[in-house]
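Below you'll find the structure, written out as structure tokens, and then a few comments.
Order of the sequence lines sets the chain letters (A, B, ...), proteins ahead of strands, with each chain counted from 1. Heavy-atom basis, side chains included; hydrogens, waters and symmetry copies ignored.
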Number of protein chains: 2
Amino acid sequence: MKKATIEDVARKANVSVATVSRVINAQGGVRKSTEEKIVQAIKELNYVRNAVARSMVRKETKTIAVIVPDICNPFFSEVVAGVERKAIAKDYFTMVSSSNESKINERKLIQHIIERGVDGVVVTTADESGEQLKPLFDLRVPIVAVDRVIKNYQVDTVIIGNREGAYEAVRHLIHEGHKDIAIIRGPQNTTPGYERYNGYVQAMKEFGLDIREEFIGDGDFREDSGYEIAKKFSQLDTPPTAIFSSNNLMSIGALKAIQEMNWKLGEEISFLGFDDIEIATFTRPQITTVSRPMRQLGEVAFQLLYDQLMEENIEERKSREIILTPHLNVRESCKRKIVL
Amino acid sequence: MKKATIEDVARKANVSVATVSRVINAQGGVRKSTEEKIVQAIKELNYVRNAVARSMVRKETKTIAVIVPDICNPFFSEVVAGVERKAIAKDYFTMVSSSNESKINERKLIQHIIERGVDGVVVTTADESGEQLKPLFDLRVPIVAVDRVIKNYQVDTVIIGNREGAYEAVRHLIHEGHKDIAIIRGPQNTTPGYERYNGYVQAMKEFGLDIREEFIGDGDFREDSGYEIAKKFSQLDTPPTAIFSSNNLMSIGALKAIQEMNWKLGEEISFLGFDDIEIATFTRPQITTVSRPMRQLGEVAFQLLYDQLMEENIEERKSREIILTPHLNVRESCKRKIVL
DNA sequence: CTGTTAGCGCTTTCAA
DNA sequence: TTGAAAGCGCTAACAG
């Protein structure tokens, strides 16, 4: 069966293509009886309108692009699901691609995206400088940044309170009696990496605690780095009594290391991780985490994008920043045990 | 900056659009010096070709659709990542959508997909009857089914050996000394649900073991159902000594229930789950699982699709079925403890 | 209410 | 080696 065109329909219904177009797009101003004829013809021919041709003349694709570092990271899966859910409700389709944290990949994706003329893009960028996004800005393609900001450009942004979340987490550790608190940092050229570290520093300073250099581990938000760093911490002459990990994947890596080193979780070493992780409630003791509204992050992102899409004089808008609140999920992994 | 068109480039380079088109598409037959002029113009104007217009005339979008039940299920994330990775390498873009296991949603998505004229689709269908996919078949859109088959139509398919995997799993349980083995089944109108149950039955029969009705729990592949069923098992007068769960999410639910009921994992109750789960190595004892090559599933799926895309007389092809092998990942959760 | 028609930006004959 | 021109299927004036 070949795809029927609007012309086929017009012919079959004995009307002009313009009239058919009117009923397809529910624009009204068509006599009831005519409409019925057309609807009938559409049904018989199994006609579906060709979005490509439509996009061609309307200059809109009803498609948005979503770029994330890695769709397999449950955090991003949820964000994407949030975006998609809102998008589909507004009749937008979503193209998801992963940059694998590579600025170069991201640049290539941008190229594709521009070619395809998407109406907007939601991005968690692999490089916050935003250079690789320049073509998008030049073209005035609506953009919203999620979870990571984009510097050097005015962009609608939705993030969570990274510093606040980390601060609260570390404060909790301190309240539990810890002084020797180590941190597994994320990349310091990313907002989440940098700000969470900031929160750590803020809490430590506020309570007059030393920040020892060997207690700062530089990770890359991936599992392996968490593993390696935790291992190193455990081998220190004076190991920390608590570890704060800056994201989900590194937490998992770190916990693997802790198990492997036979470092007694909750006794010899306390642990607190940014981001919810599935395993949090399965370990003994259960893991305390900073959890954040992932799906909501995506939903809000689409909303911001949609607002831009609907807006008239896009040039004159101020960019907006929405900060969602993380939540400390106190479980059991942070009690300071007095070692005699 | 407005998007430059091929005409702008032609004007700037003092040639015709046809010539520009030739160099854009690297078709050759253009004098070196002319080409250089054009390349120069393209650069100066920041020209990117308009894929919409191109699709219009070429009747191909270089886009494929991927439909999965739920992108947040790590299994599907991995599959999608596999598809995407192979696709991008061949210059295809990927549109991912979740059906949420709803046939109705899936039908709507199909509608969108047809409108947009994707070149092919990879689908893990929410309903194996395949009715909702009919429009796709009518239009001869290349399709490949992943993880779940499509009945009533000839479709390229890539699945894993569900029955074999389940059989091996249950046999392992039996070898470990279990006789009272319960199963958390998936939906029996899905291949994975049905075949895994089949494998269970096969193993039980082969070893002359009773299949007791109260040991069969009907889940829906979601976490909650696993939770509820495991709970029920634990409250039986004679509870099972081992549980075999049919997928990742139900395993997680079941394990939550087991913890909650204070049912001693590895002592009072053994556990084996289909699918890898992150928590497998974090519990004590660690969970034995049937793992399957998720990413490869996606990669092979794209390959099958790509073959169709490249094929000439698509009508005459026989459909292919590729069966990947699952792997029993023996850990610690299956030993039969002798209860005195 | 309905029809005619001019594009949208590109590829692809066909001719030169 | 190049250019002219005919569409691809649709929307959106404009005219009737």
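Residue Ile67(A) is tested with Leu109(A), Thr125(A), Thr124(A) for a side-chain contact (heavy atoms from CB on, under 4.5 Å); the sole match is Leu109(A).
Atom CD of Glu115(A) is separated from atom P of dC10(C) by 10 Å (rounded to the nearest Å). Arg11(B) places its CZ atom 14 Å from the P atom of dG3(D), with the value rounded to the nearest Å. Remark: P of dT2(D) and NZ of Lys32(B) are 13 Å apart, rounded to the nearest angstrom. Regarding Glu60(B), its CD atom lies at a distance of 9 Å from the P atom of dT12(C), rounded to whole Å. With rounding to whole Å, Glu36(A) atom CD is found 12 Å from dT2(C) atom P. The separation between Glu35(B) atom CD and dT2(D) atom C1' is 14 Å, rounded to whole Å.
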Subject >> Protein-to-nucleotide contact annotation, 5' to 3' order, nucleotides 6-16 of chain D [B base; S sugar-phosphate only; - none; under 4.0 Å, heavy atom] >> reply: -BBBBSBB---

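Aromatic ring pairs are classed by plane angle as parallel below 30°, tilted from 30° to 60° and perpendicular above 60°; the pair His112(B) and Phe93(A) is parallel.
Under the 3.5 Å distance criterion, the side-chain polar atoms of Asp119(B) are matched with a main-chain donor or acceptor of Thr61(B). Remark: side-chain polar atoms of Asn25(A) are paired, donor with acceptor, to backbone N or O of Ser21(A) under 3.5 angstrom. Although no hydrogens or angles enter the test, the distance criterion places no donor-acceptor pair under 3.5 Å between the side chain of Glu78(A) and the main chain of Cys72(B).
Using a cut-off of 4.0 Å between Lys/Arg side-chain N and Asp/Glu carboxylate O, Glu299(A) and Lys90(A) are scored as not salt-bridged.
Among the protein residues, Ser55(B) comes within range of no part of the nucleic acid, since none of its heavy atoms lies under 4.0 Å from any strand.
Note on Thr19(A): a side-chain N or O is less than 4.0 Å away from OP1 or OP2 of dG3(C).
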